[in-house]
Amino acid sequence: MGKLTVNDLDVAGKRVLMRVDYNVPMEEKSGAMVINDATRVKETLPTLRLLAEKGARVVLMAHLGRPDGKREATMSLSPVASKLGEMLGKPVQFVDECVGPKAEAAASALKPGEVLLLENVRFHAEEEANDPAFAAQLAKLGDVYVNDAFGAAHRAHASTSGV
């Protein structure tokens, strides 16, 4: 069986767990992290708009940098959620976890057409280890999986291969 594309999927009302590549260059300016180049974010817009138009409830997961399984404030995806919202022209929700009760509640509360960005999956060492239990926790957040992270798709990590 060939791979399906987002055009082949009935996603109305479903949670679409989508792996994106938001490993964007950032720097600190005036005490805040600022994105220097949003090209990778821009490249996801057609897919996000299509899914939203089809009534999907979109849950995005991504990594940023190499935090070695530790929470690093400078590698939070929060600024990316703000930038994505600007680029989409609508709010993008953000949750400071990628697994667990907070992430599950945020994903469950989404309405059709809404978008949620989870915190950096690499804040958990289990991501790069492709830990099956971690992958299962991520998988609970969606009904359908879409991999749009072409820059990271070759990695055998929990969010790209394990899910």
Side-chain angles (χ1 to χ4, degrees), residues 1 3-6 8-24 26 40-41 43-45 47-52 54-85 88 91-163:
M1 176 180 183
K3 300 245 189 251
L4 298 175
T5 72
V6 290
D8 302 315
L9 301 174
D10 174 13
V11 296
K14 294 179 182 167
R15 289 174 305 155
V16 175
L17 182 62
M18 183 168 151
R19 180 56 158 94
V20 290
D21 185 1
Y22 288 167
N23 190 24
V24 296
M26 297 197 332
R40 290 181 179 186
V41 177
E43 294 302 322
T44 65
L45 297 178
T47 304
L48 292 173
R49 288 185 177 123
L50 176 69
L51 290 171
K54 290 178 132 192
R57 300 158 47 208
V58 183
V59 179
L60 301 173
M61 55 184 170
H63 79 277
L64 179 61
R66 296 184 181 274
D68 296 323
K70 298 176 192 80
R71 188 172 288 273
E72 296 282 343
T74 59
M75 294 181 202
S76 173
L77 287 166
S78 179
V80 178
S82 297
K83 184 66 170 177
L84 177 59
L88 273 176
V92 170
Q93 298 174 45
F94 178 75
V95 65
D96 64 356
E97 295 291 339
C98 64
V99 292
K102 281 173 80 173
E104 291 171 23
S108 293
L110 285 174
K111 293 179 178 41
E114 291 185 339
V115 178
L116 166 70
L117 177 60
L118 304 171
E119 184 57 278
N120 191 340
V121 292
R122 286 194 182 169
F123 284 176
H124 298 264
E126 298 90 343
E127 160 66 0
E128 290 186 88
N130 196 8
D131 180 80
F134 184 70
Q137 286 183 300
L138 291 170
K140 283 175 34 176
L141 303 175
D143 304 307
V144 175
Y145 175 77
V146 172
N147 191 339
D148 199 50
F150 297 106
H154 65 286
R155 302 195 185 280
H157 291 171
S159 65
T160 56
S161 174
V163 171

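Along the sequence shown, residues are numbered consecutively beginning with 1.
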Could you go through the side-chain contact (heavy atoms from CB on, under 4.5 Å) check for Met75 and Phe123 one step at a time? CA-CA 9 Å; Met75 294 181 202; Phe123 284 176; 4.0 Å; yes
Using the side-chain contact (heavy atoms from CB on, under 4.5 Å) rule, take Val20 and Val41 through it: C-alpha gap first, then chi angles, then the decisive distance, then the call. CA-CA 8 Å; Val20 290; Val41 177; over 6 Å; no
Run the side-chain contact (heavy atoms from CB on, under 4.5 Å) test on Met18 and Thr47 for me, step by step, so that the C-alpha distance in whole Å, both residues' side-chain angles and the decisive distance to 0.1 Å come before the verdict. CA-CA 10 Å; Met18 183 168 151; Thr47 304; 3.7 Å; yes
Does the pair Leu88 and Val115 meet the rule for a side-chain contact (heavy atoms from CB on, under 4.5 Å), with working shown? CA-CA 10 Å; Leu88 273 176; Val115 178; 4.2 Å; yes
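Nearest heavy atoms, Gly55 versus Pro112: O-CB, 3.4 Å. Closest of all the heavy-atom pairs between Met26 and Ser76 is CE-O, 4.0 Å. Annotation for Leu64 and Val24: closest pair CD1-O, 3.3 Å, computed over non-hydrogen atoms. Closest heavy-atom contact between Val163 and Ala139: CG1-CB, 4.1 Å.
Phe134 meets the ring pair (Phe, Tyr, Trp, His ring centres under 6.0 Å) test with His124; sequence neighbours excluded. In this structure, the side chain to side chain contact (heavy atoms under 4.5 Å, CB included) partners of Lys140, at least two apart in sequence or on a different chain, are Glu104. Remark: Asp96 pairs with Lys102 by the side-chain hydrogen bond (donor to acceptor under 3.5 Å, both in side chains) rule, at least two apart or across chains. Residues meeting the side-chain hydrogen bond (donor to acceptor under 3.5 Å, both in side chains) test with Glu114, sequence neighbours left out: Gln93. In terms of the side chain to side chain contact (heavy atoms under 4.5 Å, CB included) criterion, residue partners of Ala81 (sequence neighbours excluded) are, by chain and number, Val92, Phe94, Leu117. Residues meeting the side chain to side chain contact (heavy atoms under 4.5 Å, CB included) test with Leu50, sequence neighbours left out: Val6, Asn7, Lys54.
Proximity of Leu110 to Val59: side-chain heavy atoms (C-beta onward) are separated by under 4.5 Å at one or more points. In this structure the side chain of Leu45 reaches within 4.5 angstrom of the side chain of Leu84, judged on heavy atoms. Within the 4.5 Å cutoff, no side-chain heavy atoms of Lys14 are placed close to those of Arg57. By the 4.5 Å heavy-atom criterion applied to side chains, Val121 and Val99 are not counted as neighbours. Counting heavy atoms from C-beta on, the side chains of Leu116 and Leu60 never come closer than 4.5 Å.
The CD atom of Glu128 lies 7.0 Å from the CG atom of Asp68; values are rounded to the nearest 0.5 Å. Rounding to the nearest 0.5 Å places CD of Glu127 at 8.5 Å from CG of Asn120. To the nearest 0.5 Å, the span separating CD on Gln137 from SG on Cys98 amounts to 8.5 Å. Distance check, rounded to the nearest 0.5 Å: CG of Asp148 to OG1 of Thr44 gives 6.5 Å. Taking CG from Leu141 and CE from Met61, the interatomic distance works out to 8.0 Å, rounded to the nearest 0.5 Å.
A donor-acceptor pair under 3.5 Å links the side-chain atoms of Glu119 to the main chain of Leu77, judged by distance alone. The backbone N or O of Ser159 sits less than 3.5 Å from a side-chain atom of Tyr145, completing a donor-acceptor pair.
Looking at Leu9, Asp10, Leu17 one by one, the single match for side-chain contact (heavy atoms from CB on, under 4.5 Å) with Val144 turns out to be Leu9.
Within a 6.0 Å radius of CZ in Arg49, other residues, nucleotides and ligands contribute more than 12 heavy atoms.
Looking at Arg19 and Thr160, their side chains never bring a donor and an acceptor atom within 3.5 Å of each other.
No salt bridge links Arg122 with Glu72; every basic N to acidic carboxylate O contact stays at or beyond 4.0 Å.
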